Structure formats: C-alpha cells, structure tokens
Amino acid sequence: MRFATWNVNSVKARLPRLLEWLRDTAPDVVCLQETKVPDDAFPAEVADLGYETAHYGQGRWNGVAVLSRIGLAGVRRGFPGEPGYPDPEARAISAECGGIRFTSIYVPNGRTPDDPHYTYKLEWLTALRVALAADIAAGPAVLAGDFNVAPTDDDVWDPRVLIRSTHVTPPERAALAAFREVGLTDIVGRPLKGDRPFTYWDYRAGMFHQNQGMRIDLVYGTADIAAAVKDAVVDREARKGKGPSDHAPIVVDLDWPAT
DNA sequence: ATGACCCCTCTAAGGGGA
C-alpha cells in the first residue's frame, strides 16, 4: 500500500498539479490539507481518477481531506473536545481505508508566541492527542499532515533565524513529543536531495532553490504501521516548476495489503 | 536550471501563511 500527505495550499489553484501528481504517484490513500474550498466546491476530477473523498471544508481557509481508492468508511469531521478560534475550524478529518484509521490534520499556525493563536495551537494539539488515544489503542492508525512544528533544530535550515518564532518553541515540541509518548512513531521521509528531509520552503527569496526549508509536515504511525514501512520519501519534485504548493508531499510505501 | 511570494476575496491603504 502507498499513502501520502500533502498540504496543497488551495486544491483549486493546485488542481492541474494535483491530478498530474495523483496519476504519476498513484497513491492508494492521500491526506490533503489547506484545500481552501467548501465541501460543494471540492473538484470532481479527483473522483474521476478513482478516488473516494472525505472532505471537511470551511471556505476560504483551512480544509482537510482523505482520498482513497481502497475503500473509505467511518468518516469523522473534527474530533471530540476540539477547541475553536473561537468556533471549531476545518482542521481534522479521519476515515478508515484498507483497515487503517487515517487522520489528516492542519494544525493552527500560532502566528507569534505571544498571540492568542499560539495558545489555541497548543490547546488544539493537546485535545487532538486525547481524542486520538482511542484510535491508537483500537488498531493501525496514521496521523499525517501539516503539524506546523519542526520537531528539532535539525528540522529547520537555520535555527538562529527562527528565534522568538513559532514552530520551534519548547512547548510546541513538547506537544509533538506527547504524541510519540502515547505510541506513535515519526515516519521520516527520505530527502531526494540534500541531507535533510524538509517539506516546506517559503515561496519568497528563492528559499527552495537554496534549500532553506523546514520539516513541518509529519507522518505519525502506530507501531504496526511503522514496522511495515518499506520506504518514505519527500517528493521535492512536486515543489519545483510552475505553480507549486509551498509544501512537498511525503509518500510512504507499506508492506501492507492494499485492499 | 528548481530561479527569487502566493493563496483567498470585502480586488486593498487587506488577511493569512510560517
């Protein structure tokens, strides 16, 4: 089985590239983030490629989805106890595909460490971890998406640039560690170029071309999933060329029956 | 060359991203 996660930064703006990438990569399951469309505007072309879609859209911001060509059941939008800003936002959706519970998440940005949005981010991560405990205990599970946290200083191109910024603070990193402490493993993608598996590069100032990126898109899996990983790759090819997302997909191959 | 922000919409003296 092949699955992937990708923050597409607008499914509408990315549609030609998404369709091409789906044809070329042929994943069985895909977690998408930042679709930025309401449910009734999710592009039908994805279904034409053989994917069932569970989408939790909100309109101009956020929006997450799970696509599957191996079955899709038990869809849940959001999670119990999910905080809002002030109302709950479209940041989490989960579905069972091929016997695995996939959860696609778009973690709040946090803006700056002294902003209420930062508190919201930490509370959201804690509430998600609590809500996910039942899934982790129940069977094979994957939590994938844009976590908006770089787990270590090695996951940013230059930690000095990000002093007093979000994404690297100890409380954010502690929130990630808490997911690992309840039984999830960080499945790190292999970089196709360079020595670090960055997944995001700012559009500005040629940062992609200088490989000034961050690893903020993550794949967390239960022990049975982690043990079945044959390969995991950051598809930086998807970040090249005309009209890319600012995030690259992570593609994971499992020794797992894709049925 | 991978090539120097881009997405949305209340189309800006904007909001948000990270």
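Here is how names work: the chains are called A, B, and so on, in the same order as the sequence lines, proteins then strands, and each is numbered from 1. Keep in mind it's a predicted model, so treat the numbers as computed, not measured.
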**Message:** Taking the ring of W201(A) and the ring of W157(A), is the distance between their centroids below 6.0 Å?
**Reply:** no
**Message:** Quick check on salt bridge (Lys or Arg N to Asp or Glu O under 4.0 Å): which of D186(A), D153(A), D155(A) does R173(A) satisfy it with?
**Reply:** D153(A)
**Request:** Indicate, with a heavy-atom threshold strictly under 4.0 Å, whether L162(A) touches base, sugar-phosphate, or nothing.
**Result:** nothing
**Prompt:** Contact class for F147(A) (heavy atom, under 4.0 Å): base, sugar-phosphate, or nothing?
**Reply:** nothing
**Prompt:** Between dC7(B) and dA18(B), how far is it from one C1' atom to the other, in whole Å?
**Reply:** 14 Å
**Interatomic distance at C1', dG16(B) relative to dC10(B), whole Å** = 15 Å
**Message:** For the aromatic rings, using the six-membered ring if either is Trp, is the centroid distance between Y220(A) and F147(A) under 6.0 Å?
**Reply:** yes
**Item:** Paired nucleotide for dG15(B) [Watson-Crick or G-U wobble; both distances under 3.5 Å]
**Value:** dC7(B)
**Prompt:** Taking atom C1' in both dG3(B) and dC8(B), what distance in whole Å separates the two?
**Reply:** 25 Å
**Prompt:** Base, sugar-phosphate, or nothing for R239(A), non-hydrogen atoms under 4.0 angstrom?
**Reply:** nothing
**Message:** Using every non-hydrogen atom in the two residues, find where A248(A) and V234(A) come nearest and quote the distance to one decimal.
**Reply:** CB-CG1, 3.9 Å
**Prompt:** Looking across every strand, which nucleic acid part, if any, lies under 4.0 Å from M214(A) by heavy atom: base, sugar-phosphate, or nothing?
**Reply:** sugar-phosphate
**Message:** By the 4.0 Å heavy-atom rule, please label E237(A) as base, sugar-phosphate, or nothing.
**Reply:** nothing
**Asked** Between dA18(B) atom C1' and E172(A) atom CD, what is the distance in whole Å?
**Response** 11 Å
